[in-house]
Every structure is written in structure tokens, then in C-alpha cells.
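Reckoned from all heavy atoms, side chains included, excluding hydrogens, waters and symmetry mates.
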Amino acid sequence: TLAVLLLCSHFVLLHRVPLIKGKSARESLEEQGLWDEYRGKFPFNPTRFDDQSLSVSSEQMTNDADLAYFGVISIGTPPQSFTVIFDTGSSNLWIPSIYCSSAACANHNRFNPGLSSTFKNAGKSLSIQYGTGSMTGFEGFDTVVVGGIPVKNQIFGLSQSEAPFMAHMKADGILGLAYPRLAASQATPVFDNMMTQHLVNQDMFSVYLTRNSEVGSMVTFGGVDPNHYYGQIAWIPLSSQMYWQITVDSVTVNGQIVACNGGCQAIVDTGTSNIVGPQADISSMARAVGAYSANGDNVVNCNSINNMPAMVFHIHGQAFTLPASTYVRQSTYYGCRTGLQSSNSDLWILGDIFIRQYYSIFSRAQNMVGLALAR
């Protein structure tokens, strides 16, 4: 029938990038017995950006040692391949270049512009600030292939120096998927070029993160994959078009408001692994689920996970429930800890812990985030 044909033709137009769930930097460092030393040297500052980030040339990004999802893209003609973090909390694409001699570049793939017949130097420098050091380099244009989509004349950063902690990052670089307003050097983000070059069927992309297995996680450009969620999609209007920012009404545990009383702002961020919020609220949530603070983590007894209460995020009149099994992480070396982290910002971050539970759809056409229970 026509409906079936339309459905089939619709699916052909989805472009999927499989994500690899690798070891996080933290897991590797724990295995080597280096985690405590590393954490002392590079304290995690989960605050995504401050107002200075909106200056023309610098952008702040967090050094998150727990990130574990990476996908492959290629740049240039013939293509050179790189693993990147698909990051909805930033807007620039950058990768290491052959001009970088930092330790962080030595153990990653590096782009060689001289080998690409389509590369053009943009003649601009780029600096991205981290909580602990920075990435500096320059910008160029080339063809970037993402999920089989060739994006022509895409501006991207080529690093010439990288902060030491980036040597522990598994991905080579970062592909930012937030709004252009957030981009350092006013660079046009990859997805904006996909839209203006009419390379996607719908101006949206969606993210599915598997819980445990190494395979199955996916970024889908151009639409929604019904195989990745159950039930209805809840559409939530953005409160600001810079990040994927929404209003959360409250957070409850056992029916009691424990955080975000009277409402708060949150960003749905694939480039942060945990749930991050203001210190007083995070402490309140940790207490409510029976966690205690140790070594900078909110720790719980591994045997009590089945008896711990769920956290419920109330957003746009709907309840999004996170059972203990989703927010507690077990480490071979450090026992069980919640994925709750405090920051000195009022802006909450709903990171991978939340996205694993709720398939997340990012609609530029509607300026909304869609959330549905992940399969």
C-alpha cells in the first residue's frame, strides 16, 4: 500500500552512526591504579560554560573521564577516519592534526591536510578552554562524512596543542551538536550544514545509548528510529536555543521534592556522563537515596541497589523516572557510586545516565527535545 511505501522510503532516509561503548578514561586509569593521582591533578569541573565562553574565540568544555561512547567519521579526500564524541553540549568539530606534538596527540589519529585534495585553510586560529588547560589550533574546511552523509566545506578545528588530560580520552576529537550560538570562532556546526545542504529528511537527530553492551548505541540523523523506544514521545519546548536547554519543574524521591524546587534549567547533554546540579540539590538527592560522600563520589552499598528508591524528574507535566539500577554505577575498584555530581552552576546537566533511560530526539525544526522510554 501507499502507506507502507511511504514508511519504507522514510526509513531509507535515516542516516545512522553506530557508537562504540568503550572503556572510559576513568576505567582505564582505575585499572592502572592511577585514578586518584589523575583526579587530584585534573579535578573534574562539570560546569559546562560560563559567560566568557560566548566570546568569539573560546569555548569551555568539560574534562569528563567517564565518557564512553564514540562514533567514527571521516574527513578529507581520500577520507581519513577519526573517532569522535557526538556532543550535544558543544558546537564545534575538532580533531588532532599532524602539527600537534602534545602527548595527547601522540596516541590519537591525526589529520594530515596535505593528503586531502579538498582541504582549504580557513586562516583562523581556534582555542577551546577546558577546566584544566586547553586545545589550541587552527581552522580549515573539508568534506566531512558522518553516517554516510558527505557534508561539503565543513569548517573544523585542527589541534596544534592539547591539554595533558586529553591523552586519556579515548576519542580523537569532538563533534558538537548544539546551536550555532555556542560555537567558538562562529564556526558553522556540522548539523547546521547538513540542514542547509538539504542532506537530512527532517531537521532532527536522535540518540540511543545502550546500557551495558558495547554495541547497539546509535546517533540517527534525519529522524527518529522507532526500534529504539517504547510508547509515546514527550515533546518538550526549549527554554533557550544555545544548548538543548529545557525547564525541569522538580525532582522527587518517594513523592517528596528533594531538588529543583520551583523549577530549574537543564541541558540534555550527550557529552557529559552523569547528572550534574547545584551542590545543595545534589547533596539532597544523594541523601534521599541513601548515598554518602567519599573521595568526591556519592557512594552506596552495592548490596542495597535493589532497595533504593527511584529519582523522578518532572518535566513539562510528565514524570521521567530513573530507577536505582540506572543511576548507580559499579566499579571493579571503587565499589558502587551514584552518577550524581555537583557543580557551582545553577544549570543542570542531564547526561548519559538520563539518556540511556530516555531515547533523546533533538529537533531543530521545532526547537524541542523529544524524550521516550528507551528500549
Side-chain angles (χ1 to χ4, degrees), residues 16-27 44 46 48 62 64-71 84-89 170-171 177 205-220 224-234 236 243-244 246 248 251 253 266-277 282 285-286 289 291 297-298 300 302 305-306 308-315 318-331 336-341 348-362 369-375:
R16 297 178 177 86
V17 183
L19 300 182
I20 305 122
K21 186 172 190 286
K23 261 189 195 146
S24 69
R26 174 169 178 150
E27 287 167 324
F44 175 47
R48 261 312 202 157
T62 167
D64 189 337
D66 283 307
L67 283 173
Y69 297 93
F70 325 108
V84 292
I85 295 162
F86 286 87
D87 178 18
T88 60
K170 295 300 168 191
L177 289 166
F205 60 92
S206 40
V207 178
Y208 173 70
L209 300 181
T210 56
R211 288 175 176 77
N212 300 314
S213 86
E214 289 167 15
V215 294
S217 298
M218 195 78 66
V219 181
T220 302
V224 173
D225 189 335
N227 297 314
H228 289 325
Y229 68 91
Y230 297 110
Q232 295 294 305
I233 298 168
I236 299 146
Y243 301 103
W244 291 94
I246 57 176
V248 177
V251 181
V253 173
I267 63 175
V268 183
D269 182 9
T270 57
T272 297
S273 47
N274 291 323
I275 286 175
V276 180
I282 291 293
M285 287 166 73
V289 300
D297 289 321
N298 284 302
V300 297
C302 294
I305 297 171
N306 292 339
M308 287 169 62
M311 297 171 188
V312 184
F313 285 78
H314 300 270
I315 306 171
Q318 306 226 26
F320 297 89
T321 302
L322 297 181
S325 57
T326 62
Y327 66 75
V328 175
R329 291 202 274 186
Q330 200 148 358
S331 149
C336 288
R337 61 188 192 275
T338 70
L340 294 172
Q341 274 179 310
W348 286 71
I349 303 176
L350 302 178
D352 293 348
I353 282 179
F354 187 85
I355 297 165
R356 274 195 287 272
Q357 186 73 353
Y358 292 98
Y359 182 60
S360 298
I361 303 147
F362 301 86
V369 169
L371 299 174
L373 191 60
R375 277 186 188 266

Legend entry - Any side-chain heavy-atom pair of Ile353 and Leu322 under 4.5 Å: yes

Legend entry - Between OG1 on residue Thr272 and CH2 on residue Trp348, distance to nearest 0.5 Å: 14.0 Å

Legend entry - Rounded distance (nearest 0.5 Å) linking atom SG of Cys336 with atom CD1 of Ile305: 4.0 Å

Legend entry - Min side-chain heavy-atom separation Ser217-His228 under 4.5 Å: no

Legend entry - Residue list, side-chain contact (heavy atoms from CB on, under 4.5 Å) with Ala310, at least two apart or on another chain: Thr321

Inset, instruction - Please round to the nearest 0.5 Å and tell me the distance separating atom CD1 of Ile282 and atom CD1 of Ile275. - result: 7.5 Å

Legend entry - Nearest heavy atoms of Cys302 and Gln330, plus distance in Å: SG-NE2, 3.8 Å

Inset, instruction - Verify, without hydrogens or angle tests, whether Asp225 (side chain) and Asn227 (backbone) share a donor-acceptor contact under 3.5 angstrom. - result: yes

Inset, instruction - Go through the structure and list residues passing side-chain contact (heavy atoms from CB on, under 4.5 Å) with Ala171, not counting sequence neighbours. - result: Phe70, Thr83, Ile85

Legend entry - Under 3.5 Å donor-acceptor, Thr270 side chain and Phe86 backbone: yes

Legend entry - Between Tyr208 and Arg16, a side-chain donor and acceptor under 3.5 Å: no

Legend entry - Gap separating the OG atom of Ser325 from the CZ atom of Arg211, nearest 0.5 angstrom: 7.5 Å

Inset, instruction - Please answer whether the main-chain N or O of Gly351 pairs with a side-chain N or O of Asp269 as donor and acceptor at a distance below 3.5 Å. - result: no

Legend entry - Side chain proximity check, Ile236 to Phe320, heavy atoms < 4.5 angstrom: yes

Inset, instruction - Taking the side chain as every heavy atom from C-beta outward, state whether His314 and Val251 have any atom pair closer than 4.5 Å. - result: no

Inset, instruction - Report yes if the side chains of Ile267 and Leu350 come closer than 4.5 Å at any heavy-atom pair, otherwise no. - result: no

Legend entry - Pairing residues for Phe362 by the ring pair (Phe, Tyr, Trp, His ring centres under 6.0 Å) criterion, not counting sequence neighbours: Phe205, Trp244

Inset, instruction - Kindly indicate, with the supporting measurements, whether the criterion side-chain contact (heavy atoms from CB on, under 4.5 Å) is fulfilled by Val207 and Tyr69. - result: CA-CA 11 Å; Val207 178; Tyr69 297 93; over 6 Å; no

Legend entry - Steps toward side-chain contact (heavy atoms from CB on, under 4.5 Å) verdict (Val289, Val253): CA-CA 7 Å; Val289 300; Val253 173; 4.3 Å; yes

Inset, instruction - Taking all heavy atoms of Tyr327 and all of Pro309, pick out the closest pair and write down the distance. - result: OH-O, 2.5 Å

Inset, instruction - To the nearest 0.5 angstrom, please state how far the CG atom of Leu209 sits from the CD atom of Gln357. - result: 11.5 Å

Legend entry - side-chain contact (heavy atoms from CB on, under 4.5 Å) assessment of Thr338 paired with Val300: CA-CA 7 Å; Thr338 70; Val300 297; 3.9 Å; yes

Inset, instruction - Would you mind reporting whether Val219 and Leu19 have side-chain heavy atoms less than 4.5 Å apart? - result: yes

Inset, instruction - Please tell me if the side chains of Asn298 and Arg337 come closer than 4.5 Å, counting only heavy atoms from C-beta onward. - result: no

Inset, instruction - Taking side-chain contact (heavy atoms from CB on, under 4.5 Å) as the test, write out the residues that go with Gln232, two or more places apart. - result: none

Legend entry - Residues that Tyr359 engages under side-chain hydrogen bond (donor to acceptor under 3.5 Å, both in side chains), provided they are two or more places apart: Ser206

Legend entry - Backbone N/O of Tyr358 and side chain of Ser360: donor-acceptor pair under 3.5 Å: yes

Legend entry - Sub-4.5 Å side-chain heavy-atom contact between Leu340 and Met311: yes

